[in-house]
Amino acid sequence: MKVLVTGSAGFVGYHLSLRLLSAGHEVIGVDALTDYYDVALKKAREDRLSAHTGYKARRARIEAPGLLRGMLVEERPDMVVHLAAQAGVRYSIEAPATYMAANLQGTFALLEAVRAVPVRHLLIASTSSVYGANTQMPYKETDKADTPMSFYAATKKATEAMGHSYAHLYDIPMTFFRFFTVYGTWGRPDMAPSLFADAILRGEPIRVFNHGDMRRDFTYVEDLVEGIERLMEAIPKVGQPVGEADSLSPVAPHRIVNIGNAEPVQLLDFIGSLEATLGMEAEKVMMDMQPGDVPATWADTTLLRDLTGVAMGTPVPEGVAKFAEWFREYHGL
Ligand SMILES: NC(=O)c1ccc[n+]([C@@H]2O[C@H](COP(=O)([O-])OP(=O)(O)OC[C@H]3O[C@@H](n4cnc5c(N)ncnc54)[C@H](O)[C@@H]3O)[C@@H](O)[C@H]2O)c1
């Protein structure tokens, strides 16, 4: 298969592209290498992908007029996995306009491109943040999710709705994933595991929000991309739900699927695993809750299992050990 992956130099895009290349697929990667975080890390990921003959990189902003449409005409991919976005809950309070451009204009440009040049399946990253103020746990895809707490979550929820209208109007098979806090090797420097590892190794204090009373459904990146790869072949068809838990739309080939570990972990236990694997204790500064954040996330993964037979499996201490080994080596710490 030929697969277009947007955001291929990003954390998830890198791991997914590597997995697809290893399975013998061709990957066209598009990424603007934005400077939201260290561009050298994105370049390093891209260099590793470029070592594969089946990989072709395009450096461009997805919202650039005509760009994605031109790429689809030229490359005729079988499927598109859309991971490029301005991510991050906290930064969306500082720089909301970036989210408008990358997430809304970018996704709109992709929908228009796929409308003109159809693909077998369009898969798009959304987030557990769309569950917002919901307190009923675990989160189910069929739960109402109308209370976003950050602008990031609002843009992601909007893309799910935009996608639904295009899936309905133009019969485009579409799957939205809601990812739950992904961590692992080549991880994002703006996310807690990297921030914590960096501070601990340098002997600096770490900031622990909500005084440590946070639970996250930490999901190991290898498990996540295995889930994505399997979902690529689970193409939604109107009138063919896979079971009681299916979020399939009654009027469009459009479905939303949680990809999470289904086993939430206390933040202080996650930090404990990191301390154990680094053999160092963190100096913790307890902080209040940050605006836009939620105290807990927990995925119901019944639908993911019904569609793919896969369950996420990497226990946090094991995933953290792999992450920490990579982190030390990459940063020479
Ligand atoms: N990592 C997580 O825990 C997590 C959780 C929920 C959802 N997500 C979503 O998953 C997707 C991948 O996240 P990630 O963690 O790999 O983030 P990332 O920031 O590492 O990757 C996103 C990539 O998109 C690129 N990009 C950003 N704006 C662009 C634009 N306008 N045009 C072209 N490229 C652009 C960036 O350069 C980056 O390489 C995103 O859609 C994100 O919102 C991630």
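In listed order, ligands and their atoms are each counted from 1. As the structure is a computational prediction, the values presented were derived from the model and not from experiment.
- Contact residues for ligand 1 (protein heavy atom closer than 4.0 angstrom to any ligand atom): Gly7, Ala9, Gly10, Phe11, Val12, Asp31, Ala32, Leu33, Thr34, Tyr37, Lys42, Ala60, Arg61, Ile62, Glu63, Leu83, Ala84, Ala85, Ala87, Ala102, Ala125, Ser126, Thr127, Tyr152, Lys156, Phe179, Thr181, Val182, Arg188, Met191.
- Cation-pi geometry between Arg216 and Phe180 is not met: the NZ or CZ atom fails to fall both under 6.0 Å from the ring centre and inside 45° of the normal.
- The other residues sharing a hydrophobic cluster with Leu33 are Val39, where clustering joins ILVMFWY side chains under 4.5 Å apart.
- A centroid separation of 6.0 Å or more is found between the aromatic rings of Tyr166 and His254.
- Of the possible polar contacts, one joining the Lys42 side chain to the Thr34 backbone as a donor-acceptor pair under 3.5 Å is found.
- Counting only N and O atoms by type, the side chains of Tyr55 and Glu26 include no donor and acceptor under 3.5 Å apart.
- Applying the 6.0 Å contact sphere to CE of Met149 captures more than 12 heavy atoms from other residues, nucleotides or ligands.
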